Amino acid sequence: MGTSEVALTPAITLRAETSGRGEPFPHFWSRVVGAGRANEGLRADWQTQLAEAHEACGFEYIRFHGLFHDDMFVYSEREDGTPVLNFPYVDALFDALLDRGVRRYSPDARRRSRPGNRRRCSAGWPAPPR
C-alpha cells in the first residue's frame with residue numbers, strides 16, 4: 001500500500017494512506033450559512049445577494065439571529081398592558097427565503113427582550129413609541 005508524507009513543521013508529520021479505497025466525505029457544514037440579523041433579510045439587496053450566493057454555493061439552510069428582536073416588531077402592548085403579537089415581518093422574511101429555496105436553520109429561536117421592555121431595542125436604539 002502506498003503512503004504519502006508531508007512535513008508540516010519539524011515536529012509534525014502527516015501520513016495518509018493513498019492506495020486504499022476512498023470513502024465519501026460529506027461536507028455537512030456547507031449546507032448551512034450564517035447571515036447576521038433577521039431584519040437585514042427584509043431588504044431587497046440582501047435578498048438578491050442571497051439568491052446569488054445560494055445559486056453559487058448550493059446551501060440549503062440559513063442561520064441568523066434577532067428573529068424576535070424588537071426591530072422585527074413581533075411583540076408590543078396596548079396601553080392597558082394587553083400583549084399584541086405581530087408577524088408580518090417574520091412572514092415576509094420566511095417567504096423571501098422559501099422563494100429562493102432556502103430554509104431557516106433554527107436550533108434555538110428565543111425572544112431576546114422581555115415582553116413589555118420597549119424602552120430600548122435590543123441593539124440599544126430607542127424603541128418606537130407605544
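No experiment lies behind these values; they were computed from the predicted model shown.
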Practice item. With sequence neighbours excluded, tell me which residues meet side chain to side chain donor-acceptor pair (under 3.5 Å) with Asp45. Key: Arg43
Check your understanding: If you group Ile, Leu, Val, Met, Phe, Trp and Tyr by side-chain heavy-atom gaps below 4.5 Å, do Leu85 and Leu67 land in one group?
Key -> yes
Check your understanding: Less than 4.5 Å apart, any side-chain heavy atom of Phe87 and any of Val74?
Key -> yes
Study note, to complete from the structure: Looking only at heavy atoms, the pair that brings Tyr75 and Pro83 closest together is CE1-CB, 3.7 Å
Practice item. Return the minimal non-hydrogen interatomic distance between Asp71 and Gly66, and the atom names on each side. Key: OD1-O, 4.3 Å
Exercise for review: Tell me whether the guanidinium CZ or amine NZ of Arg31 lies under 6.0 angstrom from the six-membered ring centre of Tyr61 and within 45° of its axis.
Suggested key: no
Review point. After noting the C-alpha distance and the side-chain angles of Leu98 and Arg103, does the key distance pass the side chain to side chain contact (heavy atoms under 4.5 Å, CB included) rule?
Key: CA-CA 6 Å; Leu98 293 173; Arg103 292 182 289 173; 4.1 Å; yes
Exercise for review: Kindly write out the residues that satisfy side-chain contact (heavy atoms from CB on, under 4.5 Å) with Arg100, not counting sequence neighbours, or none if the list is empty.
Suggested key: Gln47, Leu50, Ala51, Ala96
Exercise for review: Only counting residues at least two apart or in another chain, list the ones meeting side-chain contact (heavy atoms from CB on, under 4.5 Å) with Tyr89.
Suggested key: Leu42, Met72, Phe73
Check your understanding: How far apart are the closest heavy atoms of Ala35 and Trp46, and which atoms are they?
Key -> CB-CZ2, 3.7 Å
Point to revise | Nearest atoms (heavy-atom pairs only) where Phe64 meets Arg37 | key: CB-C, 4.3 Å
Review point. Would Glu60 and Tyr105 satisfy side chain to side chain contact (heavy atoms under 4.5 Å, CB included), going step by step from the backbone distance to the final call?
Key: CA-CA 9 Å; Glu60 300 171 51; Tyr105 175 76; over 6 Å; no
